[in-house]
Every structure is written in C-alpha cells, then in structure tokens.
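Note that the structure is a prediction, hence the values are computed from the model and not measured. Values below: all heavy atoms of this structure, side chains included; hydrogens, waters and symmetry mates excluded. Numbers here are sequence positions counted from 1.
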Amino acid sequence: MSSFAQIKKYFGYIRIQKLIIASILISILSSFLAISLKHTTEYLESVFFLKAANQTIYMFVFPVIGLLIIHFLRQYLFKKKENKGITEILDATKSKNSLPLYKIPSHFINGLFTVAFGGATGIEVSTVVSTAAIGAAAHRKANLFRNYKTELICVGITAGITILFSSPIAGILFSMEVIAKKTNRIFLLTNLISLTIASALLLLLHEGPLFKVVIATWHLYAIPYFFLLGILAGINSVFLTKMVLFFKSQFGKIRNDYHKIIIGASILSISLAWFPLLYGDGYHAMKNLFFETNQFVTPGLILTIIGILILKPIVTSATLASGGDGGVFAPSLFIGAFLGLLLATILNTFFNVNVIPINFMVIGMAAVLSASIHAPFTALFLVCGMINDYTLFFPILIVSLIAKATSKFIFPFTVYTYSKGSLKF
C-alpha cells in the first residue's frame with residue numbers, strides 16, 4: 001500500500017471515530033431535550049386543561065395568553081425571526097444554510113407554550129427542529145464534518161422522535177423518509193447510534209407507551225372496510241393540509257400581528273368552548289376515547305364526531321397561522337382516531353358489520369399521519385410504538401399505503417413540500 005493510501009486510510013479512521021463521538025453527544029443532548037419537552041408539556045397541558053374544563057372562561061383566556069407570550073418572545077428574544085418548522089430543516093439539508101442555535105430554545109419554548117395554552121397542535125415539530133439544530137451545530141463545529149450535515153441533523157431527529165413516541169424504528173424511518181430521503185453507510189452508522197442511545201434512555205427511565213391499548217385480533221372480513229378507511233384518511237389529510245396552507249396564506253396578508261392573534265385566538269377559543277376535546281395536542285381526549293368505544297351510540301354522538309373532524313383542521317390551522325409553534329403530527333393522529341371511530345360506529349350501527357372500533361381507531365391514526373406527511377412506514381412503526389402492539393401491523397401497512405396514494409392523487413404536496421402557486425381550492 002502506498003504512503004498516500006495509508007494516510008488516506010488513517011484520516012478515514014479519524015473521521016469515523018469523530019463522527020461516532022459526535023453522534024453519541026448529539027443523541028444524548030437530543031434525547032434529554034425531547035424527554036424534558038415531552039414531560040413539561042404533558043404536565044402543564046393537563047393542569048391548564050383541567051382549569052379550563054372546570055371554568056369555561058379559561059378556554060377564551062388561555063389561547064390569547066399563549067399566543068401573546070409567543071409573540072413577545074419572538075419580538076424581543078428571538079429577534080423577530082419566525083419558526084418555519086420542518087421546511088427549515090429541508091432547506092438546511094439542500095443548501096448551504098444551516099439551523100442556528102437559537103432554534104433550540106425558540107422551538108422548545110414556543111412549542112411548549114402553544115400546546116400548554118390550548119393551541120390545537122403538538123410538540124413533535126418543535127422537538128424535531130430543536131434536535132435537528134443540535135446536529136447542525138455539531139456539523140458547524142468541525143470542518144471534518146462538512147460533508148455530513150444531513151446525517152448529523154438526522155441523528156438529532158432520530159433521537160427526538162424515538163423519545164417522543166417510544167418507537168426507535170419510527171425515529172430512524174422518519175429521518176429517512178421525510179428528511180434525508182436517502183441512506184448511506186455513514187447515515188446508518190450515525191443514526192443507529194442515535195436510535196440505540198435514545199432506546200437505552202427509554203428503558204432507563206421506564207418510559208411506557210403513550211397509549212395503553214389492548215388489541216386482541218382483527219378479522220379478514222374487515223379488509224374491504226380497511227380499504228375504505230384508507231381512502232377516507234387520504235381525503236381528510238388533504239383537508240388538513242389545505243386548511244393549514246389556506247390559513248397561512250390568508251393570515252400572511254394581515255400586516256398587524258395583534259390582529260392575527262385576535263382572529264386566531266377567537267377561532268380557537270370558540271371552538272374549544274364548544275368542543276373541549278380539541279384542547280392542545282388532543283392526546284388526553286384520545287386516551288379517554290380508547291376506553292369509551294363501547295358507549296351507547298346516538299345520533300348526537302355521531303354528529304359530535306363529525307363536528308370534531310371538521311373543526312380540528314380549522315383550529316390547528318388557526319393556531320399555526322396566528323403564530324403558534326407546531327405541525328400536523330398530533331392533529332393527524334387525533335383526526336385518524338376519531339375518523340376510525342366514526343367509520344366503525346356507522347358500520348356497526350347502520351349496517352350490522354360488527355367490526356372492532358378500537359382497531360379502526362388505531363389504523364386510522366396511522367393512515368391519516370401517513371397521508372399527511374407521505375411517510376407510510378414511519379406512520380406504521382410510530383403508531384405501533386405508541387401502543388406497544390404489532391397485532392395490526394399488516395392492516396396498518398396496507399391502509400397507510402392506500403391513504404398516502406389517495407392523498408397524493410388528490411393533492412401531491414404536504415405542508416412541508418408545498419410551493420407557492422400549487423394551492424387550488
């Protein structure tokens with residue numbers, strides 16, 4: 001071997017060693033950031049929601065307070081720079097731009113206050129961007145890493161998603177399907193390290209699944225209805241996507257930020273007073289829903305579910321357009337659960353089909369998420385991880401693929417990939 005080849009091999013070893021060390025540090029920092037944001041948000045949201053549920057006036061007060069706090073923080077602490085969510089990450093991976101360090105506290109704090117004060121979104125995007133910023137910071141620190149920006153950004157994201165949903169496979173799949181959209185040996189090495197460290201922290205802290213759901217079985221005769229659920233999920237995801245884009249477009253024409261806050265908070269507050277289940281990320285409502293699927297069915301219940309399915313995309317869009325921080329992860333899961341329950345209820349009540357409602361709720365969650373972010377495999381493992389059960393693996397996979405295909409056929413963009421000029425109503 002020539003001396004030049006030996007030197008090249010030596011520097012290759014050094015690069016790999018430093019990448020491994022960097023991946024370990026990014027994974028640890030991202031994991032602790034994700035778990036602290038997750039539990040802080042859960043605690044504050046439960047406290048504020050209980051207060052608002054007992055005294056309706058707080059349903060009108062909290063959204064205004066939350067949006068005002070975020071506005072003042074953005075104006076005076078974060079130098080009037082807006083958070084653009086996952087599009088910031090996609091831009092950073094495709095160009096010379098990077099994610100500045102202030103994105104870590106900006107998304108952490110804004111995401112926390114948005115959900116805690118009733119904003120109808122989730123902390124998933126806040127977690128993804130802030131953990132991605134940790135990876136981007138490591139990339140900037142060493143010239144040796146200049147060719148591995150995407151890989152290091154994804155290291156942080158993989159850890160963050162793994163922690164949030166207790167699903168290691170969903171973490172790395174999200175990085176692959178949505179962010180990197182490609183893999184190589186360095187990507188696999190660094191992100192497997194991230195996955196391992198985040199998983200170890202989950203075990204160490206005894207983090208259980210988000211939803212305690214028991215899936216007994218599923219029936220072959222339900223397959224045609226699963227297909228129907230996939231099509232309906234695709235349609236609902238397009239409604240969510242177009243609502244978010246439409247509201248952002250319309251609110252973008254409003255020059256005064258306080259007018260945006262007043263309009264957005266009004267839409268949100270009135271909806272919350274009408275349907276308290278829309279408060280925050282909606283996980284509290286979904287947890288109750290899993291234990292109430294056998295309640296007596298009335299026309300009023302069906303109309304309530306329909307109302308929730310119509311309003312959720314609207315209040316989510318109003319939250320984001322008026323300055324709230326978040327994305328479509330939690331809203332998609334929420335919509336999917338209620339959509340699945342609605343379809344199962346109608347089938348059982350009016351057609352005596354005898355399908356299992358809880359199966360439709362779980363499959364619906366994955367289907368709407370898959371269609372909203374165009375990532376069926378992420379949705380599959382994420383939802384299975386959330387309930388810690390893989391009994392529905394096959395129907396979830398099929399329905400998620402159908403939902404994605406349906407949504408892309410109707411509208412080939414997500415809120416992350418849309419470009420101006422593509423929106424038509």
(request) Return yes if a side-chain donor-acceptor contact under 3.5 Å exists between S175 and T158, otherwise no. (result)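 Side-chain D/A pair, S175 to T158: present.
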
(request) Decide whether T417 and T414 meet the rule of one side-chain donor and one side-chain acceptor closer than 3.5 Å. (result)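 There is such a pair (donor and acceptor under 3.5 Å, judged by atom type) between the side chains of T417 and T414.
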
Can you give each donor-acceptor pair under 3.5 Å made by side-chain atoms of residues 196-208, sequence neighbours left out, with the distance rounded to 0.1 Å?
unit_1, atom_1, unit_2, atom_2, d
T196, OG1, L192, O, 2.7
S199, OG, L195, O, 2.7
E207, OE1, K38, NZ, 3.4
E207, OE1, H39, NE2, 3.2
E207, OE2, H39, NE2, 2.8

For the [atom1] atom on [X], are there more than 12 heavy atoms of other groups (residues, nucleotides or ligands in this structure) within a distance under 6.0 Å?
| X | atom1 | result |
| --- | --- | --- |
| Y390 | OH | yes |
| Y102 | OH | yes |
| Y221 | OH | yes |
| F48 | CZ | yes |
| K287 | NZ | yes |

Rounded to the nearest 0.5 Å, what's the gap from [atom1] on [X] to [atom2] on [Y]? Could you check?
| X | Y | atom1 | atom2 | value |
| --- | --- | --- | --- | --- |
| L342 | L309 | CG | CG | 6.0 Å |
| F62 | F49 | CZ | CZ | 11.5 Å |
| I306 | F338 | CD1 | CZ | 13.0 Å |

Below 3.5 Å, can you tabulate the donor-acceptor pairs from side chains in residues 363-386 to any protein atom, sequence neighbours excluded?
unit_1, atom_1, unit_2, atom_2, d
S370, OG, S400, O, 2.9
S372, OG, S332, OG, 2.9
S372, OG, V368, O, 2.8
T378, OG1, L173, O, 3.3
T378, OG1, F174, N, 3.2
T378, OG1, E177, OE1, 2.6

